Each structure stands twice: as C-alpha cells, then as structure tokens.
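Read through the structure below, which is laid out as structure tokens, and then see the notes.
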There are 2 protein chains.
Amino acid sequence: MVWKRISQKLEENEYRLTPQREVILQVMIDNRGKHLSADEVYIEARGKSSNIGIATVYRTLEKLASIEVLYKTIFEGGKYRYELSLGETHQHHHIICLQCGNISEVEEDLLHNLEIHLEKKGYKILDHELKFYGYCPQCNSKK
Amino acid sequence: MVWKRISQKLEENEYRLTPQREVILQVMIDNRGKHLSADEVYIEARGKSSNIGIATVYRTLEKLASIEVLYKTIFEGGKYRYELSLGETHQHHHIICLQCGNISEVEEDLLHNLEIHLEKKGYKILDHELKFYGYCPQCNSKK
DNA sequence: CTGATTTTGATAATCATTATCAATTAAATT
DNA sequence: AATTTAATTGATAATGATTATCAAAATCAG
Ligand SMILES: [Mn+2]
Ligand SMILES: [Mn+2]
Ligand SMILES: [Zn+2]
Ligand SMILES: [Zn+2]
C-alpha cells in the first residue's frame, strides 16, 4: 500500500529504486510518525546496509522530498527533519511541547476560513505549514 | 514608541543598551516588515558603525529574540531571519510566493477554532507559526 | 579611583549540508 | 553478449552559517 504509492511516484519521476533508496525508505516507513534528521536516518540505514554512505542519505532524502514522498521541515535545532508523507494534499500541523519537547500531529486541517480570506485578497494558496507551541496534555496537567 | 517598548524590555531583562545594540536595533527598525539574515544586518550595521563585529551581530540578534524584541524564523534557504516584533501576543502569519519569492504578512489571526479544538484535547497553546505557500496576487493574475 | 562584571571583536572551531569525482551499477544499443 | 551511455554511489573535500574562545575595552558598584 505504502510501497505501491512510493514506487509509482518514483516511476513518474524516473527515479530508480536502488537498494540504497529501498533501505532509506524502509527506515522512513519503520519510523512513521517520527521526524528524523539525516544523521539519524544514516545510523539506522547502516544497521540494514553497513556500507551505505552519508552522501547517499542526504541525496536520497532530498530527492524523495522533492517528489513529495517525504516531507521536510525544521524544528528548532538547526537541522532538517524528514517524515514519510502519505498522500495528504495539505500538510498536517505540529504541536511542539515547550516542556518535554514532544511533537504531536494534528490531522484536522481547519485553515479553510483563513485560506478563503486570502484567496479573496487575490492569493492562490497551495500548501501551508503550521506549528503550535505550548504544552502537551501530560505536561499541562502537571502544572 | 518603539524605542520605549524596547528599552523597557531591555531593562526588565537587565541588558544594557550599548552603542552596538542601538545600531543593530536601528537597522531592524529601519527595515520593519522585512526579514533580515545576520549577515544582512551586519552589512547595514557596518554602514552606521564601521567597526562593529559579526559576532556581536549574532549575539545581539539572538539575545533580542530571546526577550521577544525580535522574532526569529527561517524561510527556506538554511539561515535564520529576524524581524522587529511589536507587542503582538501571537505571531503573525506569512505567505511565501512560490513564483517571485515575495513574503507578505497576514495580521488576522483566525486560528481560534483550531486552538480551541486543541485545548479541548488537553493542550495549552501559547504561540503558533504559520506559513502559507502559493502565489501572490500579482503572480496569480499573470497566469 | 579600584576591582568586578559585562560586552566586544577577532578569529578559531564546529556542524550540517553540498560539491566533486572516480568507481560501480544498471540500462540501452549494437 | 559485448559495448556504449547514463545514473548512482561512496569517500572526502569544500562551503557556509553559527557558536565558542579569549584577551582587550567599556561600564558598573563601592
Ligand atoms: Mn509530522
Ligand atoms: Mn513577518
Ligand atoms: Zn510535554
Ligand atoms: Zn509572487
């Protein structure tokens, strides 16, 4: 199901599914819901294929993000993070807990009123990126 | 008006308003509405005070962001950008044009329904960061 | 003034990412 | 199947932004 969608995307864009790319994709699939940095992917990928190079990891993540198989973003810390992107038309939102650092996801879009407001002003909105900062339910109740 | 608010913030946090900090703040005030990188601030600051150091610029921007006199964010390009933050409780939104690169601001908040939705789930939301990607009115009409 | 504290500027160090390039692998052509 | 062509890889150098270090300068408190 996931693989099917991915290989289709690769085909559309004429990218081969090499063993290295397969390993990297498997890492991303195994970590669905998490947001991994290039070096974290590298560590895990080496576990599966001990001689994969870090340059290949960077290249592959970049490439997969460009065809929207991965979503690339940055959470404070100065490095990019990647996560598997299922066929969502609009990116899901993130809530970052300022206490424990946990990142949770918000599947509900709910930006419609804002986007309509902007389209009335002449903009054409294709996607969005929304991060909330605050406290997660656990940390919030402990205060 | 702006300076008054700034010097109050500095006082509250026991940061001195040194000549270098004053120059950097003046650059940020002169560029209200723009989003400057550290090196852009450095270039402009040198125009006003030719021997200011780049390290001082980095340090000062960081410090001013930590007391919320500046707002720090990152727009694709791998470097942080800063803008003067007036006393907004919640950060304004940004619309990035994928055609011309122009960044415009959305003052209307309109995230209330989403935040209420999250607070019902136990979260406490303190702030947010929202970027829209699409086409600005000019680029949109030219298509 | 005097000694303590903060701030500064030059520069070295760090860290993530990108570029380079020869070697390997896979695809296309003969 | 052998040969040519193109894509991909891995090692490593280069880059670029940011941070750390540290001695000198500025400012503050007594
Ligand atoms: Mn996510
Ligand atoms: Mn802005
Ligand atoms: Zn938490
Ligand atoms: Zn535009």
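Everything numeric here is computed off the predicted structure, so don't read it as measured data. Order of the sequence lines fixes the chain letters, A, B, ..., with proteins taken first and strands second; residue numbering starts at 1 for each chain.
Remark: C1' of dA17(D) and OH of Y82(B) are 11 Å apart, rounded to the nearest angstrom. Distance, L25(A) CG to dT8(D) P: 14 Å, rounded to whole Å. Atom pair R59(A):CZ and dT8(D):P shows a separation of 10 Å (rounding to whole Å applied). Distance, E76(A) CD to dT18(D) C1': 12 Å, rounded to whole Å. As a whole-Å value, the separation of L61(A) CG from dG10(D) P is 13 Å. Taking atom NZ on K63(A) and atom C1' on dT9(D), their separation rounds to 11 Å, with Å as the unit. Computed from coordinates, the E40(A) CD to dT17(C) C1' distance equals 16 Å when rounded to whole Å. Atoms OH (Y15(B)) and P (dT27(D)) sit 19 Å apart, rounded to a whole Å.
Put simply, R21(A) has a side-chain N or O that comes within less than 4.0 Å of OP1 or OP2 on dT9(D). Between Y58(B) and dT18(D), a side-chain N or O to OP1/OP2 separation shorter than 4.0 Å is present. An OP1 or OP2 oxygen of dA26(D) is reached within less than 4.0 angstrom by no side-chain nitrogen or oxygen of Q20(B). Between T18(A) and dT8(D) there is no side-chain N or O to OP1 or OP2 distance below 4.0 Å.
S141(A) places a side-chain N or O within 3.5 Å of a backbone atom of Q138(A) that can act as its donor or acceptor partner. Using a distance-only test at 3.5 Å, with no hydrogens or angles considered, no donor-acceptor pair links the side chain of D109(B) to the main chain of H90(B).
Distance from the side chain of T56(B) is smallest to dT8(C) among dT9(D), dT8(C), dT18(D).
Heavy-atom distances to DNA chain D give each of P19(B) and R81(B) a nearest nucleotide, and the one nearer the 5′ end belongs to R81(B). Comparing G77(B) and R16(B) against DNA chain D, the residue whose closest nucleotide sits nearer the 5' end is G77(B).
Looking at heavy-atom distances under 4.0 Å, D39(A) makes no contact with the nucleic acid at all.
Annotation: cation-pi geometry satisfied between K72(B) and Y80(B) (NZ/CZ under 6.0 angstrom from ring centroid, within 45° of ring axis).
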Start with the C-alpha gap between R16(A) and E22(A), add the side-chain angles, then the distance that decides, and say whether salt bridge (Lys or Arg N to Asp or Glu O under 4.0 Å) holds. CA-CA 10 Å; R16(A) 300 182 191 149; E22(A) 199 169 337; over 6 Å; no
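Taking the six-membered ring for Trp and the full ring otherwise, H35(B) and F75(B) have centroids separated by under 6.0 Å.
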